Every structure is written in structure tokens, then in C-alpha cells.
**Q** 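Right, I'll just put the structure down here and ask away after.
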Amino acid sequence: MSRFGEVDDQYDPEAVEQRVFEYWNDVDAYEQTVEHRADGESFFFVDGPPYTSGSAHMGTTWNKSLKDVYIRYLRMCGYDVTDRPGYDMHGLPIETQVEENLGFENKKDIEEFGEENFIDACKEYAEEQLEGLQSDFKSFGVWMDWDDPYKTLSPEYMEAAWWGFSKAADRGLVEKGHRSISQCPRCETAIANNEVEYEDVEDPSIYVKFDLQNRDGSIVIWTTTPWTIPANTFVAVDEEGDYVGVRAWKDGEREAQSASDESSGDTPQDGELLYLAEAKHEEVLKEGRYEDYEVVEELTGEELIGWSYEHPLEEEVPDHVDAEGTLEVYAGDYVDTHGDGTGLVHSAPGHGEEDFDRGTELGFPIFCPVGGDGVYTEEAGTYEGQFVKDADEEIIADLEDNDAMLSSGHVHHSYGHCWRCDTGILQIVTDQWFITITDVKDELLENVEDSEWHPDWARDNRFRDFVEDAPDWNVSRQRYWGIPLPVWTPEGRDDDEDMIVVSDRAELAERVDQDIDADSVDLHKDTVDDLTITEDGTTYTRVPDVFDVWLDSSVASWGTLNYPSEEERFDELWPADFILEAHDQTRGWFWSQLGMGTAAMGEVPYDEVLMHGHALDEDGRKMSKSVGNVVEPDEAIERHGSDAMRLFLLSANPQGEDMRFSWDEMATLENQLRTLWNVFRFPLPYMRLDGFDPNESSLEALEDDLELVDEWILARLQSTKAEMTEAFEDVRQDRALDALLEFVVDDVSRFYIQAVRERMWEEDDSASKEAAYATIYRVLRETVALLAPYAPFISEEIYGTLTGEDEHDTVHMCDWPAVEETWEDPELETDVALLRGIEEAGANARQQAGRKLRWPIARVVVAADDDRVVEAVTRHTDLLADRLNAREVQVVSPGEQWGELAYSAEADMSELGPAFGGRAGEVMNALNEANIEEPDLEALEAAVDDVLEDDEGLEASMVSFVTETPEDVAGTAFGTDGDDRGVVYVDASLTEDIESEGYAREVIRRVQEMRKELDLDVEERIALEFEVEDDRVADLVADHEDLIREEVRADELGSLEDGHRKEWEVEGVAVEIAIDPLAAAEASD
RNA sequence: GGGCCAAUAGCUCAAUUAGGUCGAGCGCCACUCUGAUAAGGUGGAGGUUCUCGGUUCAAAUCCGAGUUGGCCCA
């Protein structure tokens, strides 16, 4: 880009982006930037791999923008940052998507299609999705190593997972076991708890009577899963709970009883004897439509323990559990006598995790007559071959036939579903492989301490809770598209004794019977299933399962370094310095990495964590396709540009809190970029015209020529850099951005540029103009460096236009701007802050007095609260007078009083509160309302005592006096950062002199407007005529004829025959103005 | 049902991290400026700090109970 070249008048984000993308491509900006830091200190960032299905949504976009801003920042700080992006490419979501695309219903279809073909199809699909994501990420300027992402489906990466798993096995943490798991009957695989999605559905709701043995009556249980009744093994009670025995009648049975005298024997007249929780009996009996009942027995849960009952489907399921001790009542800590149900819980260890744990504890056989496809096995007796949910109806009918049904209805409740295919999950017991991380729970908790989290509560409140409760990790899935378990077991054996766990490709090639090439072998299921190992006369075959997809990403910290196939970088870099993901990853990647890191390496694989939130819609609801409130990043880019979108995303607090999307905010940020653009392009024509050369005219060379505003904006720049750096160190890039934008919009645009405009207009070369150029050059040059991590496009374009060929090819190679002590000046910053406070207050006072800025005012009086204000005003009187258009500025020192002011007081509650206790509020009100002539404590006290009719004993520290403005002047308090520092009074009284200038300026402004209507060049000369109707005003204006002629560049003044003519009304006075460009007049001659 | 987080102006957020009269930006309205000009400036309106209790002389802030939203878990 050429230095000080022409730029667009309007900030056009799309055009900027296009140009910058091309430019980056031309100069290999990314490659150069990486190379530039190659010798820097290493910084090992690990990208949490997004899953390759679907495109980048707002949340992913936020996540990647955050990663980009920190990576760019760290690079600017000199680090050689690892920036390899990653993609999570295995797992059930892709399988189900591919199945859908191929029109498959179940595993059988896959088997017919062929495993190899299916795996190829999954791979192809995942690669396609990856390309889409990559281009999404590139589209908003993320700089990562797109040419070499780590992919969980690559052999090197799969090997990393094998290696981690084998290390865990070496430590004895791998075991095969019978566990109660969540099974998706469609996908025919176990799924992780965090893959279960809960949805509201209608299910059967049945109350079942289990007839007691060796005593009268039945116990009542409740369930929404009739299909689990065949597997009933025991009933659980709350040992401490209160239960009742109830005799209940329906359909007029009791009347029949009272009619008959004898009530012995089991007759309908006796009703039914039912046992259940005291708290639930009314509700349950109502549910069973009993008309009448009587509590006949009260007992505790403990008393129920040991009662035995008959299996309600005894005949239908002949193989039901009947071992010693089963079909009895036991204590269970999962029972709640006040919750849903009856306080007696039907327990089937084959179909529930809690039931399984308790059943195992009791030493019972685990009866699970259901296969992985959700179909009853032979053990289920008459139900064999039916899908369990389909069998509900028949089971209900059978229970009714067996007179075991108390009530049968339906209920709406939330029930777990497979996150991918939306099929209701089943709890069944199957053989699975586990990493028994519960064996190293203490180590996990210790390792948690070794990582630093932002925000800290994410670790101490959230993550720790999860780690404490985490069960063993079921890592096996009965699917196809995943990393195969590297486990070989002796043929025909079904356990983890004598298993072989292969750790990498080299070991695989060495041990398997077949001849394979370690470098080229693919590790997917279709390949490795055929491999066998024969050692000491035993043949081993591979366990057919693949890994839970969470295991894939859990090894990212070494997988991204291609460890174990490459060792050098691992030795140098591991563990990760920094990872950054959303809060759903507490249970996901943050956890899986800790688990795997601890199991394999004994360490947490990351040092520092930034946990951000989710992107919600404008109403604070989560974005969801079904609700239709999803905002696509593409749309945001189209409407406001990538830079503005990034700015919006990066202006949100990144620590734990969710972000509400807002089009308004994004538009505001685009406007602020527009302001920057305007600031940037304003001095360019002048610099170009004057041939400004920042090398020759450096700030350092021109130091003595700098004016106050120059020094001030440079001082503000230093503070801004300091503030930003501090914010970045606190991992609060949002606060850093706030500081930068405030600097750009408030200090540079609204103050500095306003103040230096006149210097730029000077036609002759001057040291002052040179100094202004040098200052603004430095300010802009550093500003774009500070902005570069956030808004890489606009920063690049501005940087290129400023520096030309002088510096780096890209702003992103710049060093993070350091604070330069030379230019620091906190004194001056305070001065200007005070002056701006005074100026603002003065403008306010002017408005109150009804005097426009165009009209001079006689004087401004600044009543200072403290000496610092006096100092600032005295030092910069001229500047203040100029900006307020005042003829004179007076200062009233602290302690002194000005004019005929009345006084009141403001209470300092931190003093009043302790002194007056409960009456503080009352005293405060009296103080605030008091009105006195002198700011004097005694007078105030008298006024307050008068109101409260008491002697209050005020102290000076309790109050500060405030002035009450007299009528002829307007006064407004001013201050900095919300602290009052004094009052500005504007004396708006008119004099002839002031009126004269005021009216003259009114004329000037209207002539200027007419010049603009004619589209005249700034330098173009004109002939001018004006006629003021009011004689007095006409005389006043005439006094300033010279001023008018100079300002509007009028060479001739008098009556004009033609030209551009207009009637105006100025402050109620009619004025006729005509102008005619002189050049045009000559031409017409 | 449980854990964690959040709730302050119409919107996005502050309020010096063991309490002291709640402030910005945007938007809106009015005014203003006219050599950054499809820009710039000033002012104004707008608050039951989600609700209800409690502690305290004093609560947005501390405690308790709820409501709503978010994440995770059941």
C-alpha cells in the first residue's frame, strides 16, 4: 500500500475486507507473521476441536474470535504461538448423519452396505464439513494454521489416543465391566450421560400392587416404564420414612361390608390392604379411584425391610429373578417418600444405575432380559422378540389380568433421548470398557489445583463439583466411525485378563500376525478388525468396539503435536499454556483432558483456562433452529462487516457470562470504526500535500514544537496502552477494547482532531503543523496496532496507508505498543480532564442561558473546589476561553466566594450515618433543603436545627456546600469521573461588542452554507452582498465587515446584480444575502 | 429434582472486589455546528437496582426464600 494514498471517503467494510484479503494473500501476511516470531519464546495454545457437523454458528464464531484475539495479542508480545486448529471428526453424530443421507434405518443396513464403505462415507462427510468450517473461520479473519489442522481421523492422531489409553492401561486404569449404561436402541450403542438429551414426553404411569408373601396385602410401587417390571429384583424403601397400611374400598364394596355381620376371610367386603408412604397414600388412592379408605397401620420404612413379595409377572416371565434374598424390601438411599411415586421403589438392577449399584451391593444377580437393540431376549418369557416400549401395552394388560394393577394412566415428564437420533434411551446392563478414573480421584482433584481458571469460580465451584462426582469413564461404543479400541483379547475370551493394549503403529506392526506397514496403515475399524496377534501359542482378536468420541479430543494436547510419532515438540511444549472454550466444556473437553491427562500422564494437560459463555439471542434465550431465533455469522458480516462483528463479540465479557446478541451494539461498533476511519482519513490530504515524512519529522525530532494538545493526546495514548495491557493480563480483552475505543472516539476524534484542525489548514509550513502531523501519525500508527488483534482488516488498511513501505508488510507483525515514559504526563491528563469537564459544564450553562456557542460571552467564572482546578485553569486559560468562546476567564479560588450566590449543603452519608444512626436520613434531608447566604457551618446548623427543632451538632466533614445560581448567570457543576470539582458560571449578558460579533458570525455561517450550496471550492473567492433589515443590527454587523470578508473569502462587497440570492432570518431579523463566485463572474464577461 | 452463573435506564453494560444519595455508551427527543459534512458538538427525558423477607444507622452490594434466563447433572 502506498503511503498517504487516496482512501475511500466512506468506511466500506466489505471493500476493506476484500482488499485486505487480497493483500494478505499477495504478501503471505500470515506466513510472514508466524516466521517473524519463530525465535520468540514458545507459547503452546491448544485449539479445542469443533465437531465437524454443521457450519459455524455464533457461538463457534465467538470462540474462534476470542482465540484469534489472544493469539494475535500474544504474537505481538513476541511469543511464538502454536496455532494449529483442530477438528473432531469421529463419532455418532456423523454416523447418524451419514445414515440419514444414505437412507439407513439401523445397524443391519450398515452391515449390508459394508463397514469399509460406511467408514469411507463417514470420512468423506467429515472432510466436507471440515472444509466448510475452515472457510467460515477464515471469512472473519481468524489466523490459524489452516493448511495443517489436526484431524482426529488421521493415523497420527488416532495413534495419540491409542498411546494415551495404553498409558492408562499401564497404570491399571483400564478395565472391562458389566455396567448399567444408557443405551440408544436405534444406534445400538452405549451413549455417554452427557449425550442424553431430556425432552418432555408422554409415558405410561402405572401403580402396581406387589402381593406380599406370608402376610396380607400388597406393597404399591409406581413406574413410568412398565417394560422394566419383568426385571424387578427388589423393592426399596426409605428406612427413615413414614409409611402406612391402608384398607381401601371401591365401587360400594364397603357398604356391602357393613350390611354383612361377618367380616372374616378374604372377601371383597374387606377391601384391599395396601402399603405405601404416609405422605403419598391419599394421592395414590385417589389415582386408584378408591371411594373410601381407612389407615389401619402406621410404620416406618425400617419395619418394612425384609418383607417378601411375589413377582407380579411370575408366569409370564418364568426366568425372573428368584435368587436368595431377592423379591424382598430393602433400604435404598435413593427413595424419597415425598417425591413422585409411592415411597416404595421398584428396583431392577438391569435397568437403572442406582438400582444396579444397590443390587450389586446386595450381591444380587443382574437380570437384564433386553438386548442392545431394545428387544426382549429369551429370558423375558412371553415378551421375547418384542421391542420393549412396544411391549408396555401387553405388560399393562397382563398386570391387570393378574389383578396387580392399582391404576394405569399417562404422565408428561422429561425423559432421556439420544442426542443424535432422538430415540428414547434405555438403561440396560452391558459389557463395556472403562477407564477407572475413580481410582485416581484424589490425584484428579490435586491436578485441578494446578490449573488457573478465568473466572476462578469456574474451577472452584463448578469443575471441582463435577470431578468429585464423576463416575468411571465408559470409553467403549458399539459403533463403526471412531478410533478402535487398541485392545486384543485371547480368542473366545470375554474379559480384561491377559489383554494386550497396543500403544502405537510401530508396536502394532511388530506384534500382529499380518504384514502391515506402520507408516501407511490406517487405524480404522475395517482395517484393524482383521488383525490378530499370536503370542505364546495364544491367538488374540481385537475387541470390536470404538472409543467414545470424547476420548478423541481428550488427547488433543499431545495429538496436536503429533506425539508419540514426533517427540521433540512434545518434550519442549507440553502441557498447554492456554485453552479457551465455552462453559459447556466443563463437563466436556476441560474434563476429558483432565481425566485422560491424569490417567495417562499423571498431570493436568493445561495450565490456564479461559471459560466463556454462550451466545444467546436478543432476548437472552438460546439460539435454536426450532425457535427460529438463530443469527448466522454470515448475516452479521454482510450487514456490518467482519471487523464490526468481531468487535461486538470481543466487547463481551469472556469470563463465564453468556453474551446477548445485539444488532444495535454491532451497529454502534461499526459506527465507532467509521469514526476511526474519518479520523484517519482527515489528515491524509494535508500530509500528502505538505509531503509530510514521518521519518524526518519524527515526534522525537519535533519535541520542542509540540503544543499542549499534542502532549496531552500522547499522554492519553500512554495511559490507554497501560490500561489495555493490564486488561489483557487479566484476560479481559473486552475492557481493553473499551479503553481503546474510548480513546479513539472520545479523546482522538472528539477532542484532539477538533483542536488541531486549524493547524492543518495553515497554508504555510510551520513547526506547529509539522508537530501536529507527527503527533497524529504516532497516535494512529499505535492505535491500529492496538486495534489489530480485534479488527484485523481495517487496522491493516490504515497501517498500510500510514507506513507505506517503511515498516512490516502487515500490522500483525508489529510489536504490542509499549508505554513510553517520555510521553507520559498524568498531570496534563488531569488538567485536560478538568478543562473538558469545565468546557462541558460551560456548554451546559450556555444552553441554560440561551446563548449559542457562535455568540461570544463576556466572561466565564470558574469556582474551583480545590487548588488543582485553579492550577489547571490558570495554566490553560486561553484554551478554555477559546473553546467556550468567552472574552474572559476568571477563577475563584477554593474558600473564596464569587458574586451574590446563595448556598445550600450536601450531606456526606459516610460521616452522617455513623454520627446520627437512625436519624441520618432525616438530617440529610434537612441539610439538602437548607438555603443560606454564606457557606458557613454555623449558619447551616442553625437552619437545620430550625427544621428539626433540635440541636444537631454538625461537623465540617459531614457536609459540602453547594452554590445556588443567581438569575443573571447560569452555573453548572463540573468534575472528573463523577467527582464534583467546582462550578462554571457563564455570564451571558450582552454588550454591543458581543452582539456585533454574534450577528457577524450568523451572517458568516449563512454565507458559508450558500457557498456549499454552490459547491464552491474552499479557496474560491466570491463577491458578496448583504442587507440587514434592522438598522441597529445592520450597524452592528458593519463593525465586523472585515471579519466577514476574510472568513467567507469575499473580495468584493456591495450590491450584486445576480448570483445566488437568499432570504434569511437571523435571531428574528430578516437578512438578504447574495453571493457570486468571482471566477464565474469573470468567465461570464 | 440437584449444582453453578446471571438479573441495574428502551438496549449493551459500569458502580474502585467484606455496604455510604447508581453512572456511561447506544437509541429516543430537542437544540447546535457547518473546512472530518451521508460527519461533529450540547442538553433532556428515562431507575421500586427481578420479587418478598432479614441483618444494619445505612443494602444494587451481605444473608434467606422465591421468579425468570443460561450451562451442567439427574
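Worth knowing before you read on, the calculation uses all heavy atoms, side chains too, and leaves out hydrogens, waters and symmetry mates. Naming: A, B, ... by sequence-line order, numbering from 1 per chain. It should be emphasised that the depicted structure is a prediction, and the values quoted were computed from it without experimental measurement.
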**Q** Among the candidates A36(B), A6(B), C11(B), find the nucleotide nearest to the side-chain atoms of Val679(A).
**A**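 Between A36(B), A6(B), C11(B), the one nearest the side chain of Val679(A) would be A36(B).
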**Q** Tell me if the side-chain of Thr675(A) makes a donor-acceptor pair with the base of A39(B), cut-off 3.5 Å, by modelled atom types.
**A**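 No pair found.
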**Q** Nearest-Å distance, CG (Leu741(A)) to C1' (U12(B))?
**A**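 In whole Å, U12(B) C1' lies 14 Å from Leu741(A) CG.
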**Q** Do Gln754(A) and G41(B) share a donor-acceptor pair, side chain to base, under 3.5 Å?
**A**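 Counting by modelled atom types and ignoring angles, no donor-acceptor contact under 3.5 Å is found here.
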**Q** When the C1' atoms of C22(B) and A9(B) are considered, how many whole Å apart are they?
**A**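 That atom pair is separated by 11 Å.
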**Q** Do the rings of Phe463(A) and Phe590(A) sit parallel, tilted or perpendicular, given the 30° and 60° boundaries?
**A**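 Answer is perpendicular, since the angle exceeds 60°.
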**Q** Can you check the Glu1002(A) CD to C31(B) C1' distance for me, whole Å?
**A**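 Roughly 14 Å, once rounded to whole Å.
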**Q** Select base, sugar-phosphate, or nothing to describe what Arg674(A) touches, counting heavy atoms under 4.0 Å on all strands.
**A**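 No contact.
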**Q** As a test of the definition: with a 90° window around 0 for syn, would you call A18(B) syn or anti?
**A**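 You should classify A18(B) as syn.
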**Q** Could you measure between the two P atoms, the one in U21(B) and the one in A58(B), and give it in whole Å?
**A**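 Here U21(B) and A58(B) have their P atoms 15 Å from each other.
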**Q** Picking from A15(B), G70(B), C26(B), which would you name as closest to the side chain of Arg735(A)?
**A**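 Nearest listed nucleotide: A15(B).
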**Q** On RNA chain B, nearest-nucleotide positions of Glu354(A) versus His614(A): which is more 5'?
**A**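 Nearer the 5' end of the strand: His614(A).
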**Q** Looking at Asn671(A), does any N or O in its side chain come under 4.0 Å of the phosphate oxygens OP1/OP2 on C26(B)?
**A**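 Looking at the OP1 and OP2 atoms of C26(B), neither is under 4.0 Å from any side-chain N or O of Asn671(A).
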**Q** To the nearest Å, give me how far apart CZ (Arg464(A)) and P (C5(B)) are.
**A**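 To the nearest whole Å, that distance equals 14 Å.
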**Q** Reckon Arg660(A) has a side-chain N or O less than 4.0 Å from the OP1 or OP2 of U12(B)?
**A**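 True: Arg660(A) side-chain N/O within range (under 4.0 Å) of U12(B) OP1/OP2.
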**Q** Closest approach to the side chain of Arg1005(A), judged atom by atom: which nucleotide of U34(B), G3(B), C4(B) is it?
**A**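 Among the listed nucleotides, the one closest to the side chain of Arg1005(A) is U34(B).
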**Q** Pairing check on C71(B): which nucleotide meets the Watson-Crick or G-U wobble criteria with it, both distances under 3.5 Å?
**A**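 For C71(B), the partner nucleotide comes out as G3(B), under the 3.5 Å rule.
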**Q** When the ring planes of Phe4(A) and Tyr777(A) are compared, do they come out parallel, tilted or perpendicular, using 30° and 60° as the limits?
**A**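 Rings of Phe4(A) and Tyr777(A): perpendicular, as their planes differ by over 60°.
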**Q** Find out whether Phe743(A) and Glu723(A) are in side-chain contact, i.e. whether some heavy atom of one side chain is under 4.5 Å from a heavy atom of the other.
**A**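 With C-beta onward as the side chain, the pair stays apart.
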**Q** May I ask you to evaluate whether Lys622(A) reaches the phosphate of G69(B), defined as a side-chain N or O under 4.0 Å from OP1 or OP2?
**A**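 Negative; the distance criterion is not met.
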**Q** To the nearest Å, how far apart are Leu884(A) CG and U32(B) C1'?
**A**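 Rounded to whole Å, this separation is 15 Å.
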**Q** What integer number of Å spans the P atoms of U61(B) and U56(B)?
**A**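 One P to the other, the span is 16 Å.
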**Q** Applying the Watson-Crick and G-U wobble criteria at under 3.5 Å, what pairs with C26(B)? Answer none if nothing qualifies.
**A**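 Looking at the geometry, C26(B) pairs with G10(B).
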**Q** How far does the P atom of C52(B) sit from the matching atom of A15(B), given to the nearest Å?
**A**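 My reading of the P atoms in C52(B) and A15(B) gives 25 Å.
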**Q** Using atom C1' of each nucleotide, how far apart are C13(B) and A60(B) to the nearest Å?
**A**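 My reading of the C1' atoms in C13(B) and A60(B) gives 14 Å.
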**Q** Distance check, C1' atoms only: G10(B) and C71(B), in whole angstrom units.
**A**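 Result for the C1' pair: 28 Å, nearest Å.
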**Q** May I ask which nucleotide in the shown strands pairs with U49(B), Watson-Crick or G-U wobble, both distances under 3.5 Å?
**A**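 Matched U49(B) with nothing under the 3.5 Å cut-off.
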**Q** When all nucleic acid strands are considered with a 4.0 Å heavy-atom cut-off, which category describes Ser749(A): base, sugar-phosphate, or nothing?
**A**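 Base contact.
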**Q** Now, which nucleotide makes the Watson-Crick or G-U wobble pair with U16(B), with each of the two distances under 3.5 Å?
**A**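 Paired with no nucleotide.
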**Q** Does Arg587(A) put a side-chain nitrogen or oxygen below 4.0 Å from OP1 or OP2 of C73(B)?
**A**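 So the side chain of Arg587(A) is outside the cut-off, no N or O lying under 4.0 Å from OP1 or OP2 of C73(B).
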**Q** Begin from the C-alpha positions of Asp730(A) and Arg735(A) and carry the test salt bridge (charged side-chain N to carboxylate O under 4.0 Å, His left out) through to its verdict.
**A** CA-CA 9 Å; Asp730(A) 291 341; Arg735(A) 289 186 191 269; over 6 Å; no
**Q** So does Arg757(A) get a side-chain nitrogen or oxygen closer than 4.0 Å to the phosphate oxygens (OP1/OP2) of A36(B)?
**A**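 Indeed, a polar side-chain atom of Arg757(A) lies that close.
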**Q** Which of these nucleotides, C26(B), C5(B), C11(B), is closest to any side-chain atom of Ser662(A)?
**A**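 Comparing C26(B), C5(B), C11(B) against the side chain of Ser662(A), the answer is C11(B).
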**Q** What I'd like to find out is whether the side chain of Glu742(A) reaches to under 4.5 Å of the side chain of Thr720(A), using heavy atoms alone.
**A**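 No, side chains not in contact.
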**Q** What about Arg462(A), does its side chain sit under 3.5 Å from the base of C71(B) through a donor-acceptor pair?
**A**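 Yes, a donor-acceptor pair under 3.5 Å.
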**Q** Can you tell me, in whole Å, how much space there is between the P of C50(B) and that of C11(B)?
**A**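 Roughly 13 Å separates the two P atoms.
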**Q** Would you say Asp619(A)'s side chain and Arg621(A)'s backbone share a donor-acceptor pair under 3.5 angstrom?
**A**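 No; judged by distance alone, with no hydrogens or angles, the pair does not exist.
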**Q** For Asn653(A) and A6(B), give me the distance from atom CG to atom P, rounded to whole Å.
**A**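 So the two atoms are 10 Å apart, to the nearest Å.
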**Q** Using the C1' atoms only, state how far A36(B) lies from A14(B), rounded to an integer number of Å.
**A**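 Between the two C1' atoms, the distance is 31 Å.
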**Q** Is the ring pair Phe466(A)/Trp591(A) parallel, tilted or perpendicular, if the boundaries are 30 and 60 degrees?
**A**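 Correct class here is perpendicular.
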**Q** Separation of Glu839(A) atom CD from G41(B) atom P, in whole Å?
**A**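 From Glu839(A) CD to G41(B) P: 11 Å.
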**Q** Glu723(A) has an atom CD; how far is it from atom C1' of A14(B), in whole Å?
**A**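 That distance rounds to 13 Å.
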**Q** Does Gln672(A) or Phe466(A) map to a spot on RNA chain B nearer the 5' end, using the closest nucleotide for each?
**A**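 Closer to the 5' end of RNA chain B: Gln672(A).
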**Q** Can you check the Gln10(A) CD to A39(B) C1' distance for me, whole Å?
**A**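 To the nearest whole Å, that distance equals 9 Å.
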**Q** Is there side-chain contact between Phe751(A) and Val709(A), with heavy atoms separated by less than 4.5 Å?
**A**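 Yes, close enough: below the 4.5 Å cut-off.
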**Q** Please name the nucleotide paired to C62(B) by Watson-Crick or G-U wobble geometry with both distances under 3.5 Å, or report none.
**A**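 Matched C62(B) with G54(B) under the 3.5 Å cut-off.
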